[in-house]
Amino acid sequence: MNTAPPGLNEVLQRTFSFPKKHFLSATDLNEVEVANLLDLADGFVSLNRQTSKKLDLLKGRTLMNLFFENSTRTQSSFELAGKRLGADVVNMSPRSSSISKGETLIDTAVTLNAMQPDLLVVRHSSSGAASLLSQKVSCSVVNAGDGQHEHPTQALLDALSMRRAFGRIAGLKVAICGDVMHSRVARSNIALLQMLGANVRLVGPPTLIPPAADRWNVEIFHDMRQGIAGCDVVMMLRLQLERMDGVMAPSQREYFRFFGLDREKLACAADHVRVMHPGPMNRGVEIDSDVADDLSVSLIQDQVEMGVAARMAVLTSLAARLENDR
Amino acid sequence: MSGVTAFVNVRLVDPASGYDGPGSVVVAEGVIADVVQAGDPKALAKDVEVIDGRGAMLLPGLVDIRVKTGEPGSETKETLKSAALAAAAGGVTSMVVQPDTHPAVDEPSVVDFILRRARDIELVKVYPAGAATKGAQGERMAEIGLMAEAGCLYITDADRPIVDSKVLRRVLSYAKAFGVLVAHRPADPWLCAGAAASEGEFASRMGLPGAPAIAEKIMLERDLALVELTGARLLVDQLTTADAIESFRRARARGLPVTATTSINHLSFNEIDIGDYRTFCKVEPPLRSEDDRQAVIEAVAAGLIEIVVSAHAPAPAEDKRLPYDEAAPGAVGLQTLLPALLTFHHEGRIPLIDLIRTVTCAPADLLGLPQGRLAKGAPADLVLCDLNAPILIDADKLVSKSKNSPFDGRRLQGKVLRTVVDGRTVFGG
């Protein structure tokens, strides 16, 4: 019926049962778990490049996407991941559901829980929302982004992209640049990359770097040229327009002048530098189109491809645990 | 003309080196070529212009870091040119103009405008201060990085304190990353709202709404706490009360990166000088009690307040010839800064060299400017001043476009004989 490439079979033999019930935070993981997930994800990348992509690993399982915050990109990525693994996927977005009628987060989750999903993927605008839900439902919860706190599957796909581009993560110099203060992507990446032995630094104006971030064992730079000097990876974060115009940055043009990634600043990084961005990009604000679209430096499109594979790896591993629980 | 000038037979007063005594200075190509203590320059060529000071004082040109003009937007009050002429007449060779103009100096193109106008005027050195927030409205951060690149020397919202602590905090930490100094007026706006004078017996008797002196300390303590939080450098824009000075002293003792100025008005006058509702004495912050004035003088003498400014703020007659509480605040001061300051020397209150420091190398060093000193290689910005010559201040005869001077009718000692900028005489001679 469904054929898998030989490489995937080999990885599936190494498929492991994820030791935790939920996938909430990069800080929960250890090196071994991450290595297993990355290896598994590598296998899924090969699978996804075949014509016949579908597997039965999650056949009969129900995956619910519960996205309180709009996100076509991440939601589609999870949906695709679930479907390729053979799961039944249901998408819930609060605007059309009873949540907008004033039902609380917990009530909604408990109601959905009664429908016996196996996997609940949650994105919410409040930090800690995924954890709160995980205590109230009986299924496995995957954090697809909670407020400004964590976005662990993003960190996983970023690590996968880096590992495939460089062959390793340990020893890589990674500069995370931009609105770190409000970025769950940054927080998850800092945790995961440091766990894997990378050297992480943060670059941005002081108004966009979280207070006491220097205690995260990262060097902080307010001068972008100095911050990305010699770096292997430059990861740009999106700056929301509401935060410019004098709130945390004076204007778009000032932000781009001092903190936007253009060719001139990129030249300070290592010759083999790779540029990443979790998307969606504000072209001309944090990143120049010229750089973003240059496939010889930009990993941005790869990241999207890695996203589906990484999420397939997470879902598979959580589901394997469910199998064992039976 | 060889372009070389020698100032001989002068009393050199140079706070930067600490020298106060006879000597001479040689200027070549706009720069001080030699400073000779207690003697004449050796072997001058025949075509050197020799200026005999006849014992007059030769000091570095004054650096006045808080000057308001009306350009752009209110040129009838004062233009950059008329202010520059007043400065030259007063021995002020460098001035920093405030950004609360119309439009405000809150983006690089207006910074460029000021610098270009200054170059065209070709009198004294004019530098812009940039606004800390857009329009100096205290709400959204201005383009601090771009303005610093364009050449603004510090940022400030001038007369308007930034009320929202979150905004000031962000301004301080952002400015710090660019190495830009922030200046802030410490005044609690609610306590000061509607005030025309300093709260106290005099204001009560005169029936004038008053702002309590403590309004300065309240805002200052908040500002100092934010400095502690962000580690940013702060310039306290005019300390005028004993309580605030005490807070400032404690902050300095704790090692905070803060510097304070005061204005010549708060050194020279107290609230009683308002007298019969003399609107030329209406300034912001208001003139204080005599106790506060004495505290300010002592703080300047002790070097705690390091910088004195003119706080030049032109107001045309129609804005001053109004009932006191309706009159515009402000006093012109570029032309009277030096003689008024010298009063404290003549009274034996503050040593001459310390007085001159507050308007030469102290402000120059704070802003990283090479002038403000009599040193080889420094720009030839000089003032020749007859220290003891009596002058009578007649407001109508002042050079500035607006004539609102609280020194009107006063007798002072100290006459500017010649003002030199980059080796060119711009006044007198």
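So that the names make sense, note that chain A is the first sequence line, chain B the second, and so on, each numbered from 1.
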inquiry  = Rounded to the nearest 0.5 Å, what separates atom CE in Met141(B) from atom OG in Ser251(A)?
reply    = 10.0 Å
remark   = Comparing Lys166(B), Glu149(B), Glu139(B) against chain A, the one with the most heavy-atom pairs below 4.5 Å turns out to be Glu149(B)
query = Can you list the steps and then say if Lys176(B) with His222(A) is a side-chain contact (heavy atoms from CB on, under 4.5 Å)?
reply = CA-CA 10 Å; Lys176(B) 181 188 178 199; His222(A) 302 307; over 6 Å; no
key: Side-chain touch Arg253(A)/Glu107(B), heavy atoms, less than 4.5 angstrom   = yes
ask   = Counting only heavy atoms not in Gln301(A), do more than 12 fall under 6.0 Å of its CD?
value = no
request  = Please check if atom CZ in Arg169(B) has more than 12 non-hydrogen atoms from other residues, nucleotides or ligands closer than 6.0 Å.
outcome  = no
query = Taking atom NZ of Lys81(B) as the centre, does the number of heavy atoms from other residues, nucleotides or ligands within less than 6.0 Å exceed 12?
reply = no
task = Identify the two heavy atoms, one from Pro206(A) and one from Ser173(B), that lie closest to each other, and give their separation to 0.1 Å.
result = CG-O, 2.9 Å
Heavy-atom check, side chain of Pro250(A) versus side chain of Tyr174(B), under 4.5 Å = yes
query = Is the CG atom of Asp120(B) crowded by more than 12 outside heavy atoms at less than 6.0 Å?
reply = yes
task = Indicate yes or no: does Glu143(B) engage Arg257(A) in a salt bridge with an N to O separation below 4.0 Å.
result = no
ask   = Asp245(A) versus chain B, heavy atoms under 4.5 Å apart: side chain, backbone, both or neither?
value = both
query = How long is the span from the CZ atom in Phe258(A) to the CD1 atom in Ile144(B), to the nearest 0.5 Å?
reply = 10.5 Å
task = Counting only heavy atoms closer than 4.5 Å, note whether Phe259(A) contacts chain B via side chain, backbone, both or neither.
result = side chain
ask   = Any side-chain heavy-atom pair from Val247(A) and Arg170(B) closer than 4.5 angstrom?
value = yes
